[in-house]
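Here is the structure we will look at.
Order of the sequence lines fixes the chain letters, A, B, ..., with proteins taken first and strands second; residue numbering starts at 1 for each chain. Hydrogens, waters and symmetry mates play no part in the numbers below; they use all other heavy atoms, side chains included.
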Amino acid sequence: MTPPGDPGPEQPRTMSTYDFTAIEARWQAFWMEQQSFRCLGPGEEGFDPSKPKYYVLDMFPYPSGAGLHVGHPKGYTATDITARYKRHRGFNVLHPMGWDAFGLPAEQYAIQTGTHPAKTTAKNVDQFRRQLQALGFSYDWAREVNTTDPNYYRWTQWIFNRLFERGLAYQAEVPVWWCEALGTVLANEEVIDGMSERGSHPCVRKPLRQWMLRITEYADRLLDDLEGLDWPESVKAMQREWIGRSVGAEISFATASVSGEALGSDFTVFTTRPDTLFGASFCVLSPEHPLVAELTTPEHVDAVAAYQEQAARKSELERAELQKEKTGVFTGSYALNPAFAEGDPRRLIPVWIADYVLMSYGTGAIMCVPDGDERDREFAEAYGLSVPQVLEEDGTLCNSDFLNGLSQEQAVPKMVSFLEEQKLGTGKVNYRLRDWLFSRQRYWGEPFPVLHELNAAGEDTGERKTVADGDLPVTLPELEDFTPTASGDPPLARAEDWVKVVDADGKVWRRETNSMPQWAGSCWYYLRFMDPHNDQAAWDPEIEKYWMPVDLYVGGAEHAVLHLLYARFWHKVLFDAGLVSTPEPFQSLVNQGMVQSYAFKDERGALVPIDEVEETQEGEYQRQATGDKVERLVAKMSKSLKNVINPDDVIQEYGADTMRLYEAFMGPVTASAPWNPRDLPGVHRFLQRVWRLFDREAVTEAPEEVTRALHRAIKKVGEDLEQMNYNTAIAAMMEFVNACTKSEVGLTTAHAQAFCILLEPFAPHLAEELWAQSQGVGALADTPWPAYDEAWLKASTVEIPVQVNGKLRGKAQVAADADRDTIEGAARDAVAEHLEGTIRKVVVVPGRLVNFVVA
RNA sequence: GGGGGAGUAGCCCAAUGGCAGAGGCAGAGGACUUAAAAUCCUCCCAGUACGGGUUCGAGUCCCGUCUCCCCUACCA
């Protein structure tokens, strides 16, 4: 073994080993010492404003107690390669990392063990940082941010004040998901099938006074501005669906008894097909609709009450999922279809209640057109309601008076103007997007900078104000007990001294005891990275102007809607307030694929830990200890499947450079693929070959083939990196090394140095080591990307396939720069025996092929 | 049901409409070695899920079908 760190320059030249452990430790220490990846921004000494900027960002992690697994570094490796590449291309590169560290796990751990969440968080952050640094990522660690740091959440609160003063934050009594086990409300999107997303605890709907953010005010802009973003189509589609803009009309229906006597209460429905109003043969109200009681006639009271009770027990999701057949009950009352004149028997239509109509969407009431809507048809058929025809086969309207013969596009505006003239309704745009439930009953989150006024009796007057910007942050009080209080108040209510505030005038205020959801900190962290130590402002406007927008944002598809929609919303608010210079934060977005893992099941179906399994022959696996056959599956990496791969183990066995190279070589960055331990030696061998190549005696003149191979590699790696095609870039480097291996001589110094630059983004530690060995001058990370010479890309002669009628019939050798006629002539000679018929056409693609089309 | 994506060699993956193969894994043989490992060399392997169409030429473009993955789902 070569002693680590000492290649022994005085010793005779012998085969040395690739001691990745020593190499990686040496260069990581070097980078730290030299601050190699310190990124300077506007206003900092040494900043070069003439260079173009590149902001490449990872979705920052929640530092969990389990540490990093090999899935995290897939995206981080991609951004690091690109960051390093852009530095070689002369960009000022902003490439930061931080921690999204508020959240439930640390708080639950605190409840169970009494360990303060701050302590748990600090420990986990240290673990994550150590693991990331062990991979040699070129983050500027001087810019590290932590959402739980008061110097950070001071500004999260400051942004809340901006939202508040713009009328975008308000309190409302809303039915919310309450999770008893977690002791908190959850947002709709944090509840799946009536269970909490975290921990799968049962949740119930419950009306509570909560903070809301008026994201719906931005619905149209959030939708329209997706257009200009370089994002995956799938993510854009998900956001569009989440916003769920639907254009239609609200139509007001008067109510009447069976005999047609007016009942005096109107209700309004929302419909996307106002043009089919002539086909509306009944109406359905949601069981929770406020008018139900009034409209229910005495003989239907029992049935309606029973139905309402049954519906109340089911969540919206249960209603949707467990309900295959439509159910509902008649109220006994009728509505008047405004399309028909008084006296027309079609005017009187029954009003039902049914749980397929949701109170939380539209108006909680619908007009039913069984001829046009599948659900309405199903309901009508189930209960024997009439199905008047209003649509022809081709979708044009019929039996619809002034709309007959019109298409939907033509008829909708006509009907809307009819309704508006008659004051029966109005055009209306509805959204599926609801306002954002922004408060949580938790300790480990940002406190709201809000004070509630109390009167002399200590009662809430309903007045409230935000804490002045200059008095921020409102820091979290120390607590011993992190559980909610007996009265159901959030844990912060336990800090009585903290809750009670007496102002200069002696007026008493009560602090808001809710805290913000975990999304808050991640809504703007990309802004703080630009100016992380500013204690006068959240960021300096000049600095913001230079760096924004984020040029490349890489993260998991699981954040397609929530994080990315919330952050876009805040960003637009900040834009409107003149605080940021771009309407969108993230210009280009990439979802890295999932790193899955093999999992193994024995014959009884029990999971077998991945490290207890061995392969017996191709495709056959057995449990090492017992020899029992096991079956291999591909699945998400998870503790429960016992198939988690720990990056620390991989680094120990193969080194960080191999790990990085493998992550990048697995396939396209967007593709999911299982972690295949069998493939690691392959990329490791490549690095070994590079090491041995540099171990050869240097030469002063390179063989022509090696020079050609190098120039091809420079071109290909550069082009592939522009496209984030990391896997094929690595293949190009492998080609070069294979060509060198064949040549059996060493590299020239110039070739060695150029190759080090190509290798650096992928395997930076080895590249630095070889750069030093090759007498590289200056910092490798900042050395310009080598240029390739076109002249070296072309071979002097090329072999061109010659086809006849599309079939390969021969090959022609021609000079690489031969003109069309020369190529055609050579091709003719090559396939002369196949050219007996009339030649109808000759296709010559220089450098590619020749095709003769014969009769 | 709706939306997004993918099907190429035993496996992972490449291929501006132009010879299906860049690279890696696995497999076979050989060289080196006292031997093994490592290393090096050589070799093996398909017509691109299926059916049509456009084209001189289709893995690639168009239409239809099948399979798989992800997201979403009574939103009126």
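In this entry the distance linking CG of Asp275(A) with C1' of A76(B) reads 13 Å, nearest Å. Distance Phe686(A) CZ to C12(B) P: 23 Å, rounded to the nearest Å. Rounding to whole angstrom units, CZ of residue Arg432(A) and P of G3(B) are separated by 14 Å. One atom, NZ of Lys716(A), and another, C1' of U16(B), lie 11 Å apart when rounded to the nearest Å.
Within the shown strands, G21(B) is the pairing partner of C13(B) under the Watson-Crick or G-U definition, both distances less than 3.5 Å. Base pairing analysis places G1(B) opposite U72(B); the two distances defining the Watson-Crick or G-U wobble pair are each below 3.5 Å. Base-pair partner of C44(B): not found among the strands shown (Watson-Crick or G-U wobble, both distances under 3.5 Å). As the counterpart of G64(B), C50(B) is assigned, both hydrogen-bonding distances of the Watson-Crick or G-U wobble pattern falling under 3.5 Å.
Counting only heavy atoms from C-beta on, Val843(A) has its side chain closest to G18(B) among G18(B), U42(B), A76(B).
Not a single ring-ring contact (aromatic ring centres under 6.0 Å, His included) links Phe270(A) to another residue, sequence neighbours left out. With sequence neighbours left out, Arg245(A) forms a salt bridge (charged side-chain N to carboxylate O under 4.0 Å, His left out) with Asp220(A). Checked against side-chain contact (heavy atoms from CB on, under 4.5 Å), Ala830(A) has the following partners two or more places apart in sequence or in another chain: Val802(A), Ala812(A). Every residue was checked against the ring-ring contact (aromatic ring centres under 6.0 Å, His included) condition with Tyr431(A), not counting sequence neighbours, and none meets it.
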Residues 590-598 of chain A side chain polar contacts: donor-acceptor under 3.5 Å, at least two apart:
from: Asn591(A); atom 1: ND2; to: Gly555(A); atom 2: O; distance (Å): 3.1
from: Gln592(A); atom 1: OE1; to: Gly555(A); atom 2: N; distance (Å): 3.4
from: Gln592(A); atom 1: OE1; to: Gly556(A); atom 2: N; distance (Å): 3.4
from: Ser597(A); atom 1: OG; to: Asn643(A); atom 2: O; distance (Å): 2.9

For nucleotides 19-25 of chain B, list the nitrogen or oxygen atoms of the protein found under 3.5 Å from its nitrogen or oxygen atoms, one pair per line.
from: C19(B); atom 1: O2; to: Lys811(A); atom 2: NZ; distance (Å): 2.6
from: C19(B); atom 1: N3; to: Lys811(A); atom 2: NZ; distance (Å): 3.3
from: A22(B); atom 1: O2'; to: Glu735(A); atom 2: OE1; distance (Å): 3.3
from: A22(B); atom 1: O2'; to: Glu735(A); atom 2: OE2; distance (Å): 2.3
from: G24(B); atom 1: OP1; to: Asn738(A); atom 2: ND2; distance (Å): 3.4
from: C25(B); atom 1: OP1; to: Arg685(A); atom 2: NE; distance (Å): 2.9
from: C25(B); atom 1: OP1; to: Arg685(A); atom 2: NH2; distance (Å): 2.5
from: C25(B); atom 1: O2'; to: Asp679(A); atom 2: OD1; distance (Å): 3.3

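Annotation: Tyr566(A) is in aromatic contact with Trp436(A) [ring centroid separation under 6.0 Å].
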